Number of protein chains: 2
Amino acid sequence: MVSRVAENRRKILNAARELVLEGGFAAAQMSAVAVRAGVATGSLYRYFKSKDELCRQVFREVSSREMNLLANIAEKQGSATERLIEVADNFAGRAVRGRRLAFALLNEPVDVALAEERRRFRRTHASIFQGLIEEGIANGEFDNVDAEITAACIAGAIPTALVGPLAPDSDVLDARGDEVVKSLVNFVLKSVGAKQQLNQSTPQAKPHQTTVQ
Amino acid sequence: MVSRVAENRRKILNAARELVLEGGFAAAQMSAVAVRAGVATGSLYRYFKSKDELCRQVFREVSSREMNLLANIAEKQGSATERLIEVADNFAGRAVRGRRLAFALLNEPVDVALAEERRRFRRTHASIFQGLIEEGIANGEFDNVDAEITAACIAGAIPTALVGPLAPDSDVLDARGDEVVKSLVNFVLKSVGAKQQLNQSTPQAKPHQTTVQ
DNA sequence: CCGAAAAGTGAATACAAATTCACATCACCC
DNA sequence: GGGTGATGTGAATTTGTATTCACTTTTCGG
């Protein structure tokens, strides 16, 4: 029956996603996925051509949720500055609160196939930022920076500063997470020459759109 | 004889380094290193406990050269702004001109051991930037930004924008490399609130200290 | 109910590297 | 020159997973 097939596919993807959430892509071994999904290892190959394909699928599912969130914010009403703040704040804030997921998506050592997927993910981030920057430049909110490069920089800076090699270690992020996020938003604002800055001692302008699952 | 031992160690390290320069750490397989060095695979283990140790050693040798270069610039005479420009310009410029090495050091998918080594490398970058930023803030050249976070962002932004997922592909960098580097330097200056900006249409303020090997 | 096709199984296999090791060779000292 | 320990060798082994496949079970139209 076609529905059972779809259901199994889901079970497998969910199992893989859970493992990734818990231990990164390193934890998503085929045998582990099979056990978690309650199927035989061989069955995985009825649904996915290879491990790479399965992992890519998981990556896309998880990352597209994140991307859509940010893309939606970028399309809301409001000044470019306001939306840039909210995008950056959500990007950084979600990463801080969902550190394990952020690590898996952005920084975990992965193989070539997933590195490619990650590349796309970053490119999408960058293009969201780029759109906002161009808009802000056009209407005079921002300085006339190189939007493409600046966007690429921002898309690289936030993850690296947060979950990357340079990250304050986890305990610090637990304690000072909000502060770090605020510094990051200010970094972004400064880099585009926005007039407005976040006040370091008050909460951010807008609440987060969603919470981390 | 002790000198032959030292010489062999060198031969092996050089072979490994050459392979990394040519094809990244993925190309540095033990058998390939052995062939290139003109020794048997077994001999590698007389000199290095494991592949990880060999690769780490190679990483350190190559990266420390880069780090020292930047650290020396940061310690030179001049305003914080001047030195920040020169550090950023050299960092980005060397990466553009030595793209394969930059890729291996900064972006290639690698295993956990090398990822750790890379973490140190980035941390060192960040601390160089952090020192300059703090100095610049102290004497009023820069705005009062969060030096730690800003430094971490810059250290992450430049590599990602250049050789990472977002990079214009290699051809573009060949053609527009200088322009991209200039945009990056301006990004850095903006992010710290420096008064001075690089002129987009003239060459950078200072010549590079060295050329890529 | 039957039979063919699809789906499920998991032990066996494939695979790609790193690593080992039993043996050969060398350097050096008596 | 002979003995001894260090060094060199590379084929064989190990290792850790992904992948396969001969077989069983299920599904479903006729």
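Since this is a predicted model, take the numbers as computed values, not measurements. Residue numbers begin at 1 in each chain, while the letters A, B, ... track the order of the sequences.
- The separation between B/Asn8 atom CG and C/dC26 atom P is 14 Å, rounded to whole Å.
- Take B/Phe91 and apply the ring pair (Phe, Tyr, Trp, His ring centres under 6.0 Å) test, not counting sequence neighbours, and it matches B/His125.
- The CG-C1' distance, from A/Asp111 to D/dT17, rounds to 12 Å in whole Å.
- A straight line from NZ of B/Lys11 to C1' of D/dT7 spans 12 Å, rounded to a whole angstrom.
- Put simply, CZ on B/Arg9 is 18 Å from P on D/dA6, counting in whole angstrom units.
- Rounded to whole Å, the distance from CD1 on B/Ile12 to C1' on C/dT19 is 15 Å.
- Side-chain contact check for A/Glu53 and A/Gln57: no donor-acceptor pair (N or O, by modelled atom type) lies under 3.5 Å.
- Using a 4.0 Å heavy-atom distance criterion, A/Phe48 is classed as making no nucleic acid contact.
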Pick out the pairs of N or O atoms, protein on one side and nucleotides 19-25 of chain D on the other, that lie under 3.5 Å.
{"residue": "D/dT19", "atom": "OP2", "partner": "A/Tyr45", "partner atom": "OH", "Å": "2.9"}
{"residue": "D/dT19", "atom": "OP2", "partner": "A/Lys51", "partner atom": "N", "Å": "2.8"}
{"residue": "D/dT19", "atom": "O5'", "partner": "A/Tyr45", "partner atom": "OH", "Å": "3.4"}

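- When side chains are defined from C-beta on, A/Arg94 counts as touching A/Leu69, because their heavy atoms get closer than 4.5 Å.
- Using a cutoff of 4.0 Å between basic side-chain nitrogens and carboxylate oxygens, B/Glu22 and B/Arg100 are not scored as salt-bridged.
- Between A/Lys182 and A/Glu179, no side-chain nitrogen of the basic residue sits less than 4.0 Å from a carboxylate oxygen of the acidic one, so the salt-bridge criterion is not met.
- Between B/Leu44 atom CG and C/dC21 atom C1' there is a gap of 15 Å when expressed in whole angstrom units.
- Two residues are said to be in side-chain contact when any heavy atoms from C-beta on lie closer than 4.5 Å; B/Val33 and B/Thr41 fail this criterion.
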